[in-house]
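Just so it is clear, the model here is predicted, and its values are computed rather than measured.
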Amino acid sequence: MTRKIDINCDMGESYGAWKMGADAEVMPHISSANIAAGFHAGDPATIRKTVRLAVDHGVAVGAHPSLPDLMGFGRRALKISPQELYDLVVYQAGAVEGFARAAGAKLHHVKCHGALYNMAANDEPLSDAMARAVKDLGGGVILYGLAGSTMMACAKKHGVPAVGEGFADRGYMDDGTLAPRGQPGAMIEEEAKSVAQALAMVEQGAVTSLSGRRVAVEVGTLCLHGDQPGAVAFARALRREFAARGIGVSAP
């Protein structure tokens, strides 16, 4: 039974005058932040401010690289080669790492965003390129990848530290992948249901798919989406339940 878990959140997804998420309100309740690097959201000032916010709260700083898709918020699949994926990850992670160093911190992890994450989950060449990119960043940077996916196997092959990720607010398919956005049940908006799913993953090592199948998952980090309307309430509820059950929250 897991008695410690990381809570990560996608952050810094504002862009220019456009604001996304409640970063300042959510940050005190998480242990690691995935900071957008400009290709699906984020800009230099937003990266700087979000890194500073994370450092001030003792939250681990991670990079959240994406496909080059500002218009589609990185959620549209684009055909790319493994080399292109490698370049995208190193380039974007380098931007976040630079601001982390300027703030007196270091890059802790990389978690790919949206379509890039989902594309690599079952594609070995893309997952392999992702693992190589994280390895080449050096400094023991951790790869956050979908629990049980090809990402995790490729990270192991390359000797890259990796943590399996589960999602408290997303529906699952029978094969352990995330339900496509837009499909009924893909997003969990009920606080109690989200908390129950998180607890099942942490305490039982399993999640119930949309069809009702019990799927085994080994998670070391749980994602909470910062752009969810109830993100702040979800974060508080998760921390409350974890504390009540003696489950600690900290970055890996």
Interatomic spacing from CD in Glu25 to CZ in Arg236 - rounded to 0.5 Å: 8.5 Å

What distance do Arg213 atom CZ and Asp174 atom CG have between them, rounded to the nearest 0.5 Å? 4.0 Å

One pair to check against side chain to side chain contact (heavy atoms under 4.5 Å, CB included): Val55 and Arg52. What are the steps and the verdict? CA-CA 5 Å; Val55 171; Arg52 183 74 262 168; 3.2 Å; yes

In the structure I gave you, are the side-chain heavy atoms of [X] and [Y] within less than 4.5 Å of one another anywhere?
| X | Y | answer |
| --- | --- | --- |
| Leu199 | Val195 | yes |
| Arg76 | Leu67 | no |
| Met130 | Met151 | yes |
| Gln197 | Val207 | yes |
| Phe242 | Ile7 | yes |
| His113 | Asn34 | no |
| Ile80 | Leu116 | yes |
| Ile247 | Glu203 | yes |

Worked check of salt bridge (Lys or Arg N to Asp or Glu O under 4.0 Å) between Glu191 and Arg240: CA-CA 12 Å; Glu191 180 182 303; Arg240 185 168 59 247; 3.8 Å; yes

Give me the atom names and distance for the closest heavy-atom approach of [X] to [Y].
| X | Y | value |
| --- | --- | --- |
| Ala235 | Leu224 | CB-CD2, 3.5 Å |
| Val219 | Ala147 | CG1-CB, 4.1 Å |
| Ala120 | Thr150 | O-CB, 4.3 Å |
| Ser149 | Ala121 | CB-O, 3.4 Å |

Are there over 12 heavy-atom neighbours, none belonging to [X], within less than 6.0 Å of that residue's [atom1]?
| X | atom1 | result |
| --- | --- | --- |
| Gln183 | CD | yes |
| Glu124 | CD | no |
| Lys156 | NZ | no |

Can you tell whether the side chains of Asp128 and Arg132 come within less than 4.0 Å, N to carboxylate O? yes

Salt bridge Lys49-Asp23, side-chain N to carboxylate O under 4.0 Å: no

Is it true that His109 and Asn8 share a donor-acceptor pair across their side chains at a distance under 3.5 Å? no

Does a side chain donor of either Thr221 or Asp6 reach within less than 3.5 Å of an acceptor in the other side chain? yes

Paired with Ser209, the side chain to side chain contact (heavy atoms under 4.5 Å, CB included) test is passed by just one of Asp175, Thr177, Val215, namely Val215

Angle class for the Phe73/Trp18 ring planes (parallel below 30°, perpendicular above 60°, tilted otherwise)? perpendicular

Parallel, tilted or perpendicular, judged at 30° and 60°: which one describes the rings of His40 and His64? perpendicular

Shared hydrophobic cluster, Met173 / Phe167 (ILVMFWY, side-chain heavy atoms < 4.5 Å): no

Would you confirm whether the ring centroid of His29 sits within less than 6.0 angstrom of the ring centroid of Phe234? no

